[in-house]
Amino acid sequence: MSNGLINWFRYASPQSFYPLAGKMIPWFWALAALFTGVGLWISFFVAPTDAVQGEGYRIIFIHVPASWMSMFIYCVMAGWAAIGLALNTRLSGMMATALAPTGALMAFLSLWTGALWGKPMWGTWWVWDARLTSELILFFLYIGFIALQAAIDDPRRADKAGAILALVGVVNIPIIYFSVKWWNTLHQGASVSLNKSPSMAQTMLWGMLVMALAFWMYAIAIALMRARAIMLEREAHTEWVRSLPEVTGGSAR
Amino acid sequence: MKAILAVVRRDLLLAMRRKSEVLTVLFFFMIVVSLFPLGIGPETPLLRKIAPGILWVAALLASMLGLARLFAADHADGTLEQLALSPSPLGLLVTGKIAAHWLVSGLPLVLLAPVLGIQFDLDAGALGVLVVALLLGTPLLSLIGAIGAALTLGLRGGGVLLSLLVLPLYVPALIFGAGAVEAHVSGLGAGGHLSLLAALLALAVFFAPWAATAALRIALE
Amino acid sequence: MKAILAVVRRDLLLAMRRKSEVLTVLFFFMIVVSLFPLGIGPETPLLRKIAPGILWVAALLASMLGLARLFAADHADGTLEQLALSPSPLGLLVTGKIAAHWLVSGLPLVLLAPVLGIQFDLDAGALGVLVVALLLGTPLLSLIGAIGAALTLGLRGGGVLLSLLVLPLYVPALIFGAGAVEAHVSGLGAGGHLSLLAALLALAVFFAPWAATAALRIALE
Amino acid sequence: MLTAHGLSCQRGERRLFAGLDLSVGAGEWLYVKGENGSGKTTLLRTLVGLAHPAEGEVRWRNQALRAAADDYRRELLYLGHHGAMKEDLTPFENLRLSSALDGNDLPERDTLAALHRLGLRGREDLPVRFLSAGQKRRVLLARLVTRKAALWILDEPFTALDVKAVEMLSGLIGEHLSAGGMAVLTSHQALPLPAGKIVDLSSPEYLPGGEGR
Amino acid sequence: MLTAHGLSCQRGERRLFAGLDLSVGAGEWLYVKGENGSGKTTLLRTLVGLAHPAEGEVRWRNQALRAAADDYRRELLYLGHHGAMKEDLTPFENLRLSSALDGNDLPERDTLAALHRLGLRGREDLPVRFLSAGQKRRVLLARLVTRKAALWILDEPFTALDVKAVEMLSGLIGEHLSAGGMAVLTSHQALPLPAGKIVDLSSPEYLPGGEGR
Amino acid sequence: MNWGSAGEFLAMGGYGLYVWGSFGVCALALAMEPILVRKRRSDILRSLRRERMAEEMETQ
Ligand code: HEM
Ligand SMILES: Nc1ncnc2c1ncn2[C@@H]1O[C@H](COP(=O)(O)OP(=O)(O)OP(=O)(O)O)[C@@H](O)[C@H]1O
Ligand SMILES: Nc1ncnc2c1ncn2[C@@H]1O[C@H](COP(=O)(O)OP(=O)(O)OP(=O)(O)O)[C@@H](O)[C@H]1O
Ligand SMILES: [Mg+2]
Ligand SMILES: [Mg+2]
């Protein structure tokens, strides 16, 4: 991604980024499909049955990548936001806006799969564990970011306000995480610990990593797609959009 | 009737235009509910015990949030004067506004409550009672709230004053609503509580729009 | 410095003019706290256990109530433009406004909390810790809240959106604040929690006015 | 026919004017003049029934306002200092919604036509919040075109309007009058309208005696 | 000396005007004309630095606005469409507080004198909420008397004022100019002021080319 | 190979509901997102084309 960052810097104006993204998207989709295929194959057919958790543990192959992505995307989003505030580039705001819904979706999936895992393993859908609680708060932060941007109609203003919120959030996430952790352990030795699963077999680790790669590729592809749509919306009246082939040529229905 | 519908449509359109409106009420509800475990501690049995109370208090606060704006926006921009001068009776228009308020900030809570109940480890039966109680209770909250909103219209410090007026009036809804769930959990049966709630609701449906309209007329003088 | 004082004086005067302002924040706090025994039932040991959490959540909601108005009134009537064009730096004026907000809606809570704590049967030591924790925590709430208030300025559905943005950020204050009292009650000593709260406060004092000012400038564009 | 007899109005402790008689018949208009704070807005609000006179009575078609309330409101159009518009909605939506509240569903065509007539072409779908001061007033005034009402009561309708818009609005009022409508207006500017009846609230004639100041 | 060079302003997607040059020197005033929505308010907000131009630059005493920000704000007085008043406070309190925020404590005498000059005698202690539209504007305008500023930027200062008040305000502006002050005004009414520079934003000269519409 | 039959695969050793509940919702969400983004894109493209058409009609 850091590599991509440098490239994107050169392409920091929407009209040159738009076609570039258009060219990259299919590749990321292809990679995402490939990794998903391999990952699913590993998760269902290669990885053995777990001694303690039976087949239920297979949820791990989406739960963990979704959890990782939810946290990772927030950082990337805040990074774009910081760039946007510092350099005042239009593209960075669009990228941050494009990433947020995907991040929120990942947080939601982490919560959902975790809950579905918790029921058979812990006998309850939810416990107020540190990691669970801070993931829930992360989800709220995403929703706040999206709601804030949705409430502002001037895109440039929305970008800047969103950027400030994202940065404040990024400062707060570690604080929140540690406070929640401390809160939880002070009260009780957590009634259930997430780490008691047996040392993971190599295959499991591989499956998780491949699935994480798949999620990653997916996130990039979808963020680029959404960024392109946002560019069209925001720059609808500029010359470069009006002369795009899909606007001029395409079969106007 | 047509006028009621026009008002409901208009208020819903406005709520949709502030796109996130409905969602934010929901998330506010969720966040307030989640704050309690953070303040109180994560022990499940304790949390299960106080869950109905917490859910009800949060629902009450959430449905109160939108109240201050119920008439205030229309008052500030002169729309309320126009409504008062419109050919349809003001009472009907007010009823429409109350209905729209419930649709935007009551109904969603009812639908979300079971999910939050699960976080507090309530069982299926208790969740059912919770939903029914909220279904009867949230319109009651909107109706009572409308009177308070009309009374505090245009007053200095309106928002806070409003909660001061309205929260005590909400107490019966809270007691019977949370009580219903607790009665069910402790095996007493929730029927009595629920029928009391229903009776209160019936009373409010007749009384509240009239009272709110009278209060509005005073505010407009 | 003179400008900060002028802002503080002005906001306090305004609060006094809407006479009931301070009182209503207090009453809201009291009512919310008292709702819980009604929703949960009157068992003393249970109530004592959840008291710090409930007091903190109520304080948090009460201090959030006034937030929406922190900049909104000044924005709507054009005063904020005038502040931005005034010779003193906007950051200072914003600090003044935050200080006034705390004086109006934070400090009174600190003073009232022990009384409510007694209702929940907390002992003198716990009450002391509660007051100190609130004294450190409520300015933190005002500071963080100001960022949210500035970000949501002039937006549709502002009030609810504000709470959505701000409540998650309040979590550390809540945890350490309520945690301090609980740690004291369970004999662990509240020192750690309190010094963490103080550290957070120090961080926020530097960071929050700056962020709020930046957000205000955006809102004014 | 709108008449008032022996009207005197009060705000707080202050009597603004007293002993005011007026009547507006079909095709007539009344120009309410007066210095700032002389009570023009108060008089207009009293005429529409939003405020109540301290003394005297307002009558519509020879019935007291309270008795005629429903009929009166059907035939009345009042535009005050305030916008009465939702800043979040577009001019198009604002206009249609206010018609819906009056109980008639305005077809899309007529809505657009009214907005265009008021010179808002190209602004139909921009939330009112973004409009300039004059454009906001124009959206409000579009109701003059869409709502059929016998009596127009307009408080400073010409504020914030540019020269062209002032002409256009005078044209509208002229049409309304020649179709047998009635109007009550206030303004501090000179009005480009054929002579109407004039009430000057600053004139000593209406000075309240004794009470207030 | 306020100058702007090649200014062009945009709201949302719409370019309002382009290629605007202007300069206002000591004792001069600039009359910004234009139809509703032509961008007068936007121009004024750009001149004071609340909005940013899409192209071009505003300079104060030969420094770019951003660099001169502090000095500029000290010498500037901007009154917009908005009231910028607290409806709960009295005119007296409003005026004193806004001076305090400008960093000078206004003595009671001067405050009262300014209010009386604006014709608010007897209304000093009535909360602004109760004032008439014109009286509210007058409270706002009292700042012209109390605040020493070299440059006045006033957006439609004459709205809602009655004939006497219009004269009085023109007098104030005249004094300001003859004392070497500068002023930028907008208005739709004819101004009873000695001739100043004129910028007409509706004239084809400033039509933005190409982009927007 | 872990599974003897399709039935066994679906049952997931008794955890079918949970495993397929997770994977199913996950697949659904990740499939819906591109569809929604596509729709957003085609909506804006359609309105752009319509605007263009209107302009062409005007200039003719
Ligand atoms: C709603 C419930 C749940 C949520 C929100 C949740 C959240 C998370 C998060 C955020 C992570 C990544 C944390 C990190 O890498 O530091 C994670 C990792 C993980 N979760 Fe969950 N989880 C939930 C339920 C569960 C359950 C029920 C289990 C298993 C019994 C589980 C097992 C794991 C494992 C094994 C990892 C990876 C181990 C690691 O990286 O430390 N989770 N979860
Ligand atoms: N509570 C009160 N006590 C005393 N005087 C009051 C009170 N409320 C209003 N007033 C006075 O009543 C008058 C109201 O006048 P109104 O708004 O009708 O004036 P207007 O003729 O419309 O003026 P404008 O031309 O400025 O719009 C003002 O002079 C105001 O100061
Ligand atoms: N987001 C937007 N998109 C398109 N046009 C906009 C947007 N926001 C504002 N406008 C337009 O920009 C112009 C703003 O004009 P401005 O308020 O400066 O006008 P003005 O000359 O002060 O008019 P008035 O005489 O009515 O006060 C209006 O024509 C308005 O419709
Ligand atoms: Mg008036
Ligand atoms: Mg203007």
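All figures in this text were calculated on a predicted structure; none of them were measured in a lab. Lettering follows sequence order; numbering is per chain, from 1.
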Roughly how far, to the nearest 0.5 Å, is the [atom2] atom of [Y] from the [atom1] atom of [X]?
X	Y	atom1	atom2	answer
A/Glu233	F/Ser47	CD	OG	8.5 Å
A/Ile230	F/Arg40	CD1	CZ	4.5 Å
A/Phe215	F/Cys26	CZ	SG	4.0 Å
A/Arg234	F/Ile44	CZ	CD1	11.5 Å

Verify salt bridge (Lys or Arg N to Asp or Glu O under 4.0 Å) between A/Glu246 and F/Arg41, making sure each step is shown before the conclusion. CA-CA 11 Å; A/Glu246 49 268 56; F/Arg41 180 182 152 82; 3.3 Å; yes
Between A/Thr36 and F/Leu30, does a side chain to side chain contact (heavy atoms under 4.5 Å, CB included) hold up when you go through it step by step? CA-CA 12 Å; A/Thr36 308; F/Leu30 298 192; over 6 Å; no
Would you indicate whether A/Arg157, at its atom CZ, is surrounded by more than 12 heavy atoms from other residues, nucleotides or ligands within a distance under 6.0 Å? yes
For the candidates A/Ala236, A/Ala221, A/Gly56, A/Ala229, which exhibits the highest count of non-hydrogen atom pairs separated by less than 4.5 Å from chain F? A/Gly56
So for F/Leu36, is it side chain, backbone, both, or neither that comes closer than 4.5 Å to the heavy atoms of chain A? neither
Given heavy-atom pairs under 4.5 angstrom as the criterion, report whether the side chain, backbone, both or neither of F/Tyr15 touches chain A. side chain
Can you see which heavy atom on [X] is nearest to which on [Y], and at what distance?
X	Y	answer
F/Val19	A/Ile59	CA-CG1, 4.0 Å
F/Ser22	A/Leu116	N-CD1, 3.4 Å
F/Pro34	A/Trp29	CG-CH2, 3.8 Å

Do you know which of F/Val25, F/Asp43, F/Leu45 has the most heavy-atom pairs with chain A at a distance under 4.5 angstrom? F/Val25
Derivation and outcome, salt bridge (Lys or Arg N to Asp or Glu O under 4.0 Å), residues F/Glu33 and A/Arg226: CA-CA 10 Å; F/Glu33 205 188 356; A/Arg226 193 179 282 114; 2.7 Å; yes
For the ring pair A/Phe44 and F/Phe23, is the centre-to-centre distance below 6.0 Å? yes
Engaged part of A/Arg242 at the chain F interface, taking heavy atoms whose separation is under 4.5 Å: both
Tell me, for A/Leu232 versus chain F, whether the close heavy atoms (under 4.5 Å) come from the side chain, the backbone, both or neither. both
Is any side-chain heavy atom of F/Leu17 less than 4.5 Å from a side-chain heavy atom of A/Lys119? no
May I ask you to test the A/Leu244-F/Leu48 pair for a side-chain heavy-atom distance under 4.5 Å? no
